[in-house]
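Some notes on the structure that comes next.
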Amino acid sequence: MEGASGGTYRIVHTQTGNCLSAYGSMHTGVCGADSAQEWRLGSGGTVILAASGQCLEHSRPSGLIMKRVCEGTASQSWSRT
């Protein structure tokens, strides 16, 4: 994680240096001044896209990562290691 603006963070892939981006579909891309790359930490381990207020979610069984309405479910709970 890398500090961005206004208490938000960018989620940066260690090997590539690319940022997690929610512009359109979830993907990684060159880090920049894009609000689709600014995340904040919420309660219960949620990671929230600052621009929309949607949560990062791990969809089962497909394994896709999506942004969805925050519901506080286990699929929206993340940890930092």
Side-chain angles (χ1 to χ4, degrees):
M1 293 182 84
E2 171 183 290
S5 63
T8 61
Y9 299 90
R10 288 188 180 87
I11 300 172
V12 182
H13 188 267
T14 303
Q15 187 175 19
T16 66
N18 286 342
C19 285
L20 181 63
S21 180
Y23 183 75
S25 62
M26 298 297 298
H27 63 282
T28 60
V30 175
C31 297
D34 185 349
S35 64
Q37 295 178 345
E38 294 183 4
W39 304 86
R40 61 184 170 84
L41 303 178
S43 62
T46 57
V47 178
I48 302 165
L49 180 61
S52 70
Q54 292 177 303
C55 283
L56 193 61
E57 180 173 295
H58 177 259
S59 179
R60 296 183 120 205
S62 68
L64 293 174
I65 305 297
M66 304 183 290
K67 58 185 189 308
R68 308 273 301 215
V69 172
C70 296
E71 298 175 331
T73 60
S75 62
Q76 294 179 344
S77 182
W78 300 85
S79 64
R80 185 173 147 181
T81 60

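Numbers for residues simply follow the sequence, beginning at 1.
- Of all heavy-atom pairs between G42 and I48, the closest is CA-CD1, 3.8 Å.
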Enumerate, atom names and distances included, each donor-acceptor pair closer than 3.5 Å involving a side-chain atom of residues 56-64, sequence neighbours excluded.
| from | atom 1 | to | atom 2 | distance (Å) |
| --- | --- | --- | --- | --- |
| E57 | OE1 | Q76 | NE2 | 2.9 |
| S62 | OG | L64 | N | 3.3 |

Could you tabulate the donor-acceptor pairs under 3.5 Å formed by side-chain atoms of residues 18-32, not counting sequence neighbours?
| from | atom 1 | to | atom 2 | distance (Å) |
| --- | --- | --- | --- | --- |
| S21 | OG | Y23 | N | 3.4 |
| H27 | ND1 | S25 | O | 2.8 |

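- Taking the side-chain hydrogen bond (donor to acceptor under 3.5 Å, both in side chains) definition, one finds that T14 meets it with nothing, sequence neighbours left out.
- For residues 33-69, the set of pairs meeting the disulfide bond (SG atoms under 2.5 Å apart) definition, not counting sequence neighbours, comprises C55-C70.
- Sorted by first and then second residue, the side-chain hydrogen bond (donor to acceptor under 3.5 Å, both in side chains) pairs involving residues 40-54 (not counting sequence neighbours) are S52-Q54.
- Under the side-chain hydrogen bond (donor to acceptor under 3.5 Å, both in side chains) criterion, S35 pairs with no residue, sequence neighbours left out.
- One hydrophobic cluster, built from ILVMFWY side chains closer than 4.5 Å, holds both L49 and W78.
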